[in-house]
Amino acid sequence: MNTKGKLVSVIFVGGLLSLTAPPVHAHHAFSAEFDAEQPIELKGVVTKLELVNPHSWLYLDVKQTDGSAENWGFEFGAPFSLKQKGITKASLPVGSEVTIQGYRAKNGKDFGYAVTTVLSDGRSVKTGGAQDAPDAQAQGNGQAQ
């Protein structure tokens with residue numbers, strides 16, 4: 001095979017490999033978005049669960065002292081790791097009450113990182129997935145609502 005033929009073969013194989021490679025998702029470190037100095041513990045009612053890569057999200061209404069509700073979003077780990085821990089849409093149905101222990105977003109908005117989630121059946125599940133996230137210090141130390 002001549003040099004031109006080898007080059008065409010390499011390009012063809014490279015093209016095939018790029019078609020079969022898994023997609024690459026942008027990923028961020030815990031410290032890029034969340035504040036390890038602001039642990040929180042919130043109880044609320046599930047409004048939505050998004051099992052998507054690279055991070056799943058749980059949204060819940062948190063009752064305020066005036067009776068109104070604020071909708072919070074919490075970053076979870078990847079869907080596959082959550083499924084291995086028993087977390088599915090069936091285990092977190094809309095309307096169920098959960099408690100989240102984790103950390104608040106740096107921007108101060110109603111978002112956080114969920115280290116541990118206590119389900120309505122009482123199970124406590126590690127729901128975070130970031131390798132650089134601290135363990136939940138929220139219990140007893142954070143802002144409880």
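- Under the ring pair (Phe, Tyr, Trp, His ring centres under 6.0 Å) criterion, F74 pairs with W72, sequence neighbours left out.
- Within a 6.0 Å radius of NZ in K83, no more than 12 heavy atoms belonging to other residues, nucleotides or ligands are found.
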Trace of the side chain to side chain contact (heavy atoms under 4.5 Å, CB included) decision for K89 with L49: CA-CA 7 Å; K89 288 210 178 223; L49 174 62; 4.2 Å; yes
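- With F34 as the fixed residue, the ring-ring contact (aromatic ring centres under 6.0 Å, His included) test singles out one of Y103, Y113, F111: Y113.
- Taking NZ of K48 as the reference point, atom CH2 of W57 lies at 11.5 Å (rounded to 0.5 Å).
- Note: L60 CG to T47 OG1 = 6.5 Å, rounded to the nearest 0.5 Å.
- The two residues A114 and F76 make their nearest non-hydrogen contact at CB-CE1, 3.5 Å.
- Around CD of Q84, the count of heavy atoms belonging to other residues, nucleotides or ligands within 6.0 Å exceeds 12.
- For D110, there are no side-chain hydrogen bond (donor to acceptor under 3.5 Å, both in side chains) partners two or more places apart in sequence or in a different chain.
- In terms of heavy atoms, K85 sits closest to R123 at O-NH1, 4.2 Å.
- Among all heavy-atom pairs drawn from S96 and L92, the shortest one is OG-C, 4.0 Å.
- Donor-acceptor pairing under 3.5 Å is recorded for the side chains of T127 and T117.
- A continuous path of ILVMFWY side-chain contacts below 4.5 Å connects V125 to L82, so both sit in one hydrophobic cluster.
- S91 and L119 make their closest contact through O-CD2, 4.3 Å (heavy atoms, listed as atom of the first residue, atom of the second, distance).
- Under the 4.5 Å side-chain criterion, counting only non-hydrogen atoms from C-beta, I100 is not in contact with I40.
- Scanning both residues, P39 and A36, for their nearest heavy atoms gives CD-O, 4.2 Å.
- Residues N53 and P79 are in side-chain contact: their nearest non-hydrogen atoms beyond the backbone lie under 4.5 Å apart.
- The CD1 atom of I87 sits 9.0 Å away from the CG atom of L51 when rounded to the nearest 0.5 Å.
- Interatomic distance, CZ of R104 versus CD of E37, reported as 15.0 Å (0.5 Å rounding).
- Between the side chain of S56 and the backbone N or O of A78, no donor-acceptor pair lies under 3.5 Å.
- Linking Ile, Leu, Val, Met, Phe, Trp and Tyr residues whenever their side-chain heavy atoms come within less than 4.5 Å leaves V98 and V45 in two separate clusters.
- The backbone N or O of E97 lies less than 3.5 Å from no partner atom in the side chain of K43, so there is not a single donor-acceptor pair.
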